[in-house]
Amino acid sequence: NLSQISWSGHLHRFIYTLVVSDTEDKVTLIMDKNLISFVAWSDFNIVSNGPDTALKTLEIATKEWTNVSSFNYELLILNVDNTTSSIAMKTNVKARLLTKNEALNLSCVGGRNFCPSWLVTNLSIDNTEKLPFGFWLSTAVRQNVAWYINYSKDLNGSTVYYLGQLGVRSVIELYKI
C-alpha cells in the first residue's frame, strides 16, 4: 500500500507514505520514516495533557508544509476503563500522530512482531538520528506511560518523558474531491 506524495516545503518532503485508512471521503497516510527522531511524549510525566511535547514539536516541524490541507481533530485520551475523554480540539494542523486504535486496525496487537513490516520502515535497533528505535502513538497506556511502535514490530509502552529512542512519525489526512 505505497502512495507517493510530494511537496516543496522549506523543511521536509513527503516522498513515500503508507495508507492507514481509506474511506469514502478521506485517506489517512503515515510517513515511512520519523519526521523527528527523538522527542518526549510529554515533559510533564503524566498523560492527562496528552502528547503535548510530541505534538508541539510536530506542529512546529509541519507548519511550513504546502500542498497538504490543514485539518482539525479531537485529541482523545484512553481511560483505564477503555472509554475515551476529550483533551483538546486541535485545529488547523498539517499532521498528527497515529492512534492506538489505528495501529490495532493495522493488525498491531500488544506483544512482539505483530505490526506490519511496512509500518516500521526506517527504524533500527541501532537507534541513530537517521534510523531511530521507534515512534510514539497519541494514546496513553496509564498514568505516565504511552504507546509506541518499534523496529521489531512491537506495540509497547514507555514512560512519557523518555526521549532517548522514540520520535514522531507524521500522519496526514487528505480529503477526496
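Screening L98, L123, V120 against R169 for a side chain to side chain contact (heavy atoms under 4.5 Å, CB included) leaves a single residue, L123. Between P132 and the choices N127, I36, V168, N122, the side chain to side chain contact (heavy atoms under 4.5 Å, CB included) rule is met once, by N127.
Applying the side-chain contact (heavy atoms from CB on, under 4.5 Å) test to S69 and every residue at least two apart in sequence or in another chain returns nothing. Applying the side-chain hydrogen bond (donor to acceptor under 3.5 Å, both in side chains) rule to S42 yields the partners D52; only residues at least two apart in sequence or on another chain are considered. For S117, the side-chain contact (heavy atoms from CB on, under 4.5 Å) partners are K153, not counting sequence neighbours. With sequence neighbours excluded, no residue forms a side-chain hydrogen bond (donor to acceptor under 3.5 Å, both in side chains) with N72. For the salt bridge (charged side-chain N to carboxylate O under 4.0 Å, His left out) test, no residue two or more places apart in sequence or in another chain qualifies with K56. For F71, there are no ring-ring contact (aromatic ring centres under 6.0 Å, His included) partners at least two apart in sequence or on another chain. Here S86 pairs with E74 under the side-chain hydrogen bond (donor to acceptor under 3.5 Å, both in side chains) rule; sequence neighbours left out. Residues satisfying the side-chain contact (heavy atoms from CB on, under 4.5 Å) criterion with N105, sequence neighbours excluded, are absent altogether. Annotation: side-chain contact (heavy atoms from CB on, under 4.5 Å) contacts of S124 (sequence neighbours excluded): D126, L131. Under the side-chain hydrogen bond (donor to acceptor under 3.5 Å, both in side chains) criterion, S70 pairs with N92, sequence neighbours left out. Partners of F38 by ring-ring contact (aromatic ring centres under 6.0 Å, His included), not counting sequence neighbours: none found.
Using a 4.0 Å cut-off between charged side-chain N and carboxylate O, E59 and K94 make no salt bridge.
Side-chain N or O atoms of T121 include one that pairs as donor or acceptor with a backbone N or O of D32 at under 3.5 Å. Of the possible polar contacts, none joining the W41 side chain to the L166 backbone as a donor-acceptor pair under 3.5 Å is found. Looking at N150, its side chain does come within 3.5 Å of a backbone N or O of S152 through a donor-acceptor pair. With hydrogens and angles disregarded, no donor-acceptor distance shorter than 3.5 Å links the side chain of W147 to the backbone of T99.
S170 and L58 get closest at one heavy-atom pair: CB-CD1, 3.8 Å.
Evaluation of the disulfide (SG to SG under 2.5 Å) test over residues 113-177, restricted to residues two or more places apart or in two chains, returns C108-C115.
Within the 4.5 Å cutoff, no side-chain heavy atoms of V160 are placed close to those of V145.
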